[in-house]
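Below: one structure, written as structure tokens.
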Number of protein chains: 2
Amino acid sequence: MDPAVVGRRVRALREERGISLSTLARLAGVGKATLSGLEHGTRNPTLETLWAVTAQLGVPLTAVLAEPAATPTVHGAAVTATLLEVFTDADATYELYRMRVAPGPGQLSPAHQPGVTEHVTVFAGVLRAGPADAPLTAPAGGHLRWVSDVPHSYTAVGDEEVAASLLLRYPRR
Amino acid sequence: MDPAVVGRRVRALREERGISLSTLARLAGVGKATLSGLEHGTRNPTLETLWAVTAQLGVPLTAVLAEPAATPTVHGAAVTATLLEVFTDADATYELYRMRVAPGPGQLSPAHQPGVTEHVTVFAGVLRAGPADAPLTAPAGGHLRWVSDVPHSYTAVGDEEVAASLLLRYPRR
DNA sequence: GGCTGTCGTTCCATAAACGGAACAGTCAAG
DNA sequence: CTTGACTGTTCCGTTTATGGAACGACAGCC
């Protein structure tokens, strides 16, 4: 992470709108010194400060945070998954992944916590996945679901790479 | 913006991974007091702190900041859907949505082109959806699938808002 | 020339976020 | 029961982010 990048984006957004540092500081209710240091990357701003500034600029917080696009969390050799979204409700937290499974030998993943379930919707290719001792198979358009508190596997059937969405559901304890 | 929401997400992500507050604090190189206060929402964390924690959790900063809100394409009164991804392969085009259905009267959507299918995975709440004359019902964790070349409906059963993922499959003609 | 306004930076006392240590609570082993 | 390792919270001294004030620089105007 690079605070200088965040600072450059804030400054760029401010100058796009043609307002001065002094004015933005006053509107956002932060000190000029704070905003100056933030734009220079010489400070380590507080969430509250960054929020006040970006809200006044009319952009979401995420617009100024330097993100390496996505976060390719490589599960292993055959599977690559990128986290699309995390959300929580009263009963559970969910992680939604976009998943690709390369053809060839599959991949084994260790067990998760008790009660965790996985939900897969296959976009393309044919996927065999589920508990390692009893995997299920789904073609494009199909859907799989299993309790993943045991070791489980992902395998692409045939030569085509599998594209799917993977939803991990973690019940609240 | 609500620091308590950020804190809840951090805690949820940590507990999903089954690691203790003490361990995460040590791995992320922050104090336990800092992490405790962050999870409770009683602190106003620094970007550096939040970055260290989320990086250790393996999620982007945006995952804990309360604003995904990329492209809200409001289907109508009861249903709001945000497009997460578009995917095309040799046979079809897919659109993956995150969908919310508000409790109360449902919503009717007109027919799509012939051959279009919808696949819904319910995360929370109970959803009744499908062809208007023969809707299907699925609880949290359930999955629905229908050919949507006829008018179809979405209705939340009960008082709870429904969260779901919606996959639209458009066959290539 | 002086005067006035605004620009962005720097100085500085205050407030608060920080990490380490001490704390009570829980669980398992002996 | 005692011990030990662990949990998460709270206390507290240190570090640092904060906002107001002072600063020099520049522009327009008299």
Side-chain angles (χ1 to χ4, degrees), chain A residues 1-57 59 61-66 88 92-93 112-116 149 170-173, chain B residues 1-59 61 64-66:
Chain A
M1 217 272 302
D2 193 351
V5 174
V6 175
R8 276 198 295 274
R9 296 193 185 180
V10 170
R11 173 153 291 192
L13 287 167
R14 175 172 66 79
E15 293 181 342
E16 280 176 19
R17 287 157 179 72
I19 62 179
S20 68
L21 185 149
S22 307
T23 304
L24 177 58
R26 181 172 42 81
L27 290 176
V30 306
K32 299 201 298 181
T34 302
L35 184 53
S36 178
L38 165 60
E39 292 192 354
H40 278 277
T42 58
R43 285 210 191 182
N44 175 22
T46 271
L47 250 198
E48 188 179 25
T49 298
L50 206 52
W51 171 264
V53 172
T54 55
Q56 194 53 234
L57 288 170
V59 301
L61 252 180
T62 61
V64 301
L65 296 176
T88 60
T93 67
H112 289 134
Q113 302 285 94
V116 175
D149 54 4
Y170 298 89
R172 193 171 300 283
R173 275 160 301 174
Chain B
M1 220 274 300
D2 193 351
V5 174
V6 176
R8 275 198 295 273
R9 297 197 181 180
V10 169
R11 172 153 292 192
L13 288 167
R14 175 172 66 79
E15 292 182 342
E16 282 175 20
R17 287 155 179 72
I19 64 179
S20 69
L21 184 149
S22 308
T23 303
L24 177 58
R26 182 173 41 80
L27 291 175
V30 305
K32 299 202 296 180
T34 301
L35 184 54
S36 178
L38 165 60
E39 293 192 353
H40 279 278
T42 58
R43 285 213 193 181
N44 174 22
T46 271
L47 250 198
E48 187 180 27
T49 298
L50 206 52
W51 176 268
V53 172
T54 55
Q56 193 54 234
L57 288 170
V59 300
L61 253 180
V64 300
L65 298 177

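Predicted model only: the values in this text are computed from it and were never measured. Each chain gets a letter, A, B and so on, in the order the sequences are listed, and its residues count up from 1.
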Between B:Leu21 (CG) and C:dT26 (C1'), how many Å, whole number? 16 Å
When we call it a touch if two heavy atoms are under 4.0 Å apart, what does B:Arg26 touch: a base, just sugar-phosphate, or nothing? nothing
Min and max contacting nt of DNA chain D in 5' to 3' order, chain A heavy atoms within under 4.0 angstrom, are D:dA17 to D:dG20
Pairwise 5' ranking along DNA chain C for B:Lys32 and B:Thr49, keeping only the more 5' one: B:Thr49
Base, sugar-phosphate, or nothing for B:Ser20, non-hydrogen atoms under 4.0 angstrom? sugar-phosphate
Check every strand shown and say whether A:Thr42 touches a base, only sugar-phosphate, or nothing at a heavy-atom separation below 4.0 Å. nothing
Nearest-Å distance for atom pair CG/P, residues A:Leu38 and C:dG8: 14 Å
Between B:Leu65 and A:Leu47, which heavy-atom pair has the shortest distance, and what is it? CD2-CD2, 4.1 Å
Specify the separation, in whole Å, of atom CD of A:Glu15 and atom C1' of C:dG8. 11 Å
Over how many whole Å does the gap from A:Glu39 atom CD to C:dC7 atom P extend? 13 Å
Write down the atom of B:Leu27, the atom of B:Gln56, and the distance for their closest heavy-atom approach. O-NE2, 3.4 Å
DNA chain D: B:Thr23 or B:Ala33, which has the more 5' nearest nucleotide? B:Thr23
Report the distance from atom CZ of B:Arg43 to atom P of C:dA16, rounded to the nearest whole Å. 12 Å
What is the distance, to the nearest angstrom, from the CG atom on A:Asn44 to the P atom on C:dG19? 10 Å
For residues 49-59 of chain B, pull every pair meeting salt bridge (charged side-chain N to carboxylate O under 4.0 Å, His left out), keeping only residues two or more places apart or in separate chains. none
When all nucleic acid strands are considered with a 4.0 Å heavy-atom cut-off, which category describes B:Ser22: base, sugar-phosphate, or nothing? base
For A:Gly115 and A:Asp149 the tightest heavy-atom approach is N-OD2, 4.0 Å
Is the closest side-chain donor-acceptor distance between B:Thr46 and B:Thr49 under 3.5 Å? no
Using the salt bridge (charged side-chain N to carboxylate O under 4.0 Å, His left out) rule, pick out the option among B:Lys32, B:Arg8, B:Arg14 that qualifies with B:Glu39. B:Arg14
With a non-hydrogen cut-off below 4.0 angstrom, is B:Thr34 in contact with a base, only sugar-phosphate, or nothing? base
